[in-house]
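Report on one structure; see the data block that follows.
Throughout, protein chains are lettered first and strands after them, A, B, ... in sequence-line order, and every chain is numbered starting at 1. In this text the structure is predicted, and so the values were computed from the model without any measurement.
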There are 2 protein chains.
Amino acid sequence: MSDTLMTIREMCDAFEVTPRTLRFYEARELIFPQRKGQHRLYDRRDRARLTLILRGKRFGFSLEQIRQLLELYEPGGANRTQIAATIEVSRDRLADMERQYAELSIAIDDLRRQISDAEGRLAAETNEQPTG
Amino acid sequence: MSDTLMTIREMCDAFEVTPRTLRFYEARELIFPQRKGQHRLYDRRDRARLTLILRGKRFGFSLEQIRQLLELYEPGGANRTQIAATIEVSRDRLADMERQYAELSIAIDDLRRQISDAEGRLAAETNEQPTG
DNA sequence: GGGCAGGTTGACGTGAACGTAAGCAAGACG
DNA sequence: CGTCTTGCTTACGTTCACGTCAACCTGCCC
């Protein structure tokens with residue numbers, strides 16, 4: 001059930017991307033759908049990777065950074081040096097995300113305060129008599 | 001002290017941007033430095049706005065979205081309708097950021113787990129005798 | 001008064017991440 | 001048999017956020 005193969009159209013509908021996008025990600029070696037003849041078929045693994053890709057994009061990572069991160073999620077037959085390198089860059093990304101998390105917390109508080117200030121001004125103006 | 005005017009070069013050094021970037025933001029109406037003759041001079045307000053701009057960019061907002069947000073931080077003589085509209089879009093941005101915050105938390109946990117898994121594999125491999 | 005550092009405008013170039021369009025193949029349908 | 005849909009490849013176009021470059025002004029120093 002969960003390892004159902006999906007066509008490109010099904011993938012597009014499920015993830016709200018275009019075929020162009022999926023082919024583009026494949027060209028950049030972010031996903032590796034099988035082929036049935038000429039047609040692409042996406043399995044559970046491809047869907048998991050696409051989920052991570054879209055998530056990474058929302059955090060502002062480049063496709064290349066995401067590609068490196070995806071290596072971490074593939075316990076394939078990489079050698080020690082490659083695994084260590086992957087861990088390296090992943091730690092960097094993690095640090096980025098932790099920084100972003102902290103800053104986002106501040107920014108959210110900031111924005112909430114600004115919004116309620118503005119709401120206050122709006123309410124005040126409502127009770128005043130405008131001079132014009 | 002805090003309302004010192006700064007030249008474009010001083011701004012660039014302070015914020016690690018290029019002159020081109022500052023002029024670009026000005027063209028997009030994100031900052032409004034004074035002019036001394038032809039030369040630009042940036043005050044405390046410009047610096048505050050630039051801080052918010054760069055922050056917004058780190059969260060993946062477009063310059064246009066940031067421009068709208070900046071209106072919220074300027075209690076200038078806008079009319080009720082404009083203030084209300086600004087609050088509207090700001091609430092949308094806030095919602096974006098809250099979503100991002102929640103998702104980021106998940107992604108960080110995810111990534112941490114993947115990294116320690118990979119570290120585990122690395123350690124395991126160190127203790128094994130490689131077949132080759 | 002010549003030159004030069006620092007700033008200005010304007011036009012064009014660039015890289016990332018796709019969009020769009022043209023043209024072909026292959027299975028489904030009536 | 002034609003044509004419709006779906007997907008494929010190739011190639012060029014687009015948007016955003018700047019970078020790069022040319023040409024000009026402008027103090028200011030020697």
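- In terms of modelled atom types and a separation under 3.5 Å, the side chain of A:Q82 and the main chain of A:N79 share a donor-acceptor contact.
- Listed by first and then second residue, the ring-ring contact (aromatic ring centres under 6.0 Å, His included) pairs that reach into residues 81-106 of chain B are A:Y101-B:Y101, sequence neighbours excluded.
- Only at 4.0 angstrom or more do the heavy atoms of residues 51-62 of chain A sit from any atom of DNA chain D, so none qualifies.
- When side chains are defined from C-beta on, B:D109 counts as touching B:R112, because their heavy atoms get closer than 4.5 Å.
- Considering only heavy atoms from C-beta on, A:M11 stays 4.5 Å or farther from A:R40 through its side chain.
- A donor-acceptor contact shorter than 3.5 Å is absent between the side chain of A:Q68 and the backbone of A:Q65.
- Residues satisfying the ring pair (Phe, Tyr, Trp, His ring centres under 6.0 Å) criterion with B:F32, sequence neighbours excluded, are absent altogether.
- A:I87 places a side-chain heavy atom less than 4.5 Å from the side chain of B:L122.
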#### Entry: Test log, rule side-chain contact (heavy atoms from CB on, under 4.5 Å), inputs A:T7 and A:H39
CA-CA 8 Å; A:T7 71; A:H39 293 215; over 6 Å; no
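- Running 5' to 3' along DNA chain C, contacts with non-hydrogen atoms of chain A at under 4.0 Å begin and end at C:dA17 to C:dT20.
- Protein chain B contacts DNA chain D from D:dA17 to D:dT20, reading 5' to 3' and using non-hydrogen atoms of the protein with a distance under 4.0 Å.
- Annotation: proximity of residues 18-33 of chain B to DNA chain D (heavy atom, distance under 4.0 Å) is found for B:T18, B:R20, B:T21, B:F24, B:Y25, B:R28, numbered in ascending order.
- Contact check on A:E10 versus A:R47 returns no salt bridge, with no Lys/Arg side-chain nitrogen under 4.0 Å from an Asp/Glu carboxylate oxygen.
- Between B:D117 and B:R113, no side-chain nitrogen of the basic residue sits less than 4.0 Å from a carboxylate oxygen of the acidic one, so the salt-bridge criterion is not met.
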#### Entry: Pair B:L5-B:K36, side-chain contact (heavy atoms from CB on, under 4.5 Å): steps then yes or no
CA-CA 11 Å; B:L5 295 177; B:K36 183 182 101 188; over 6 Å; no
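- With respect to the salt-bridge test (charged N to carboxylate O, under 4.0 angstrom), the residues A:R49 and A:D46 do not qualify.
- Nucleotides of DNA chain D nearest to A:R9 and B:Q38 differ in position, and the one nearer the 5' end is that of A:R9.
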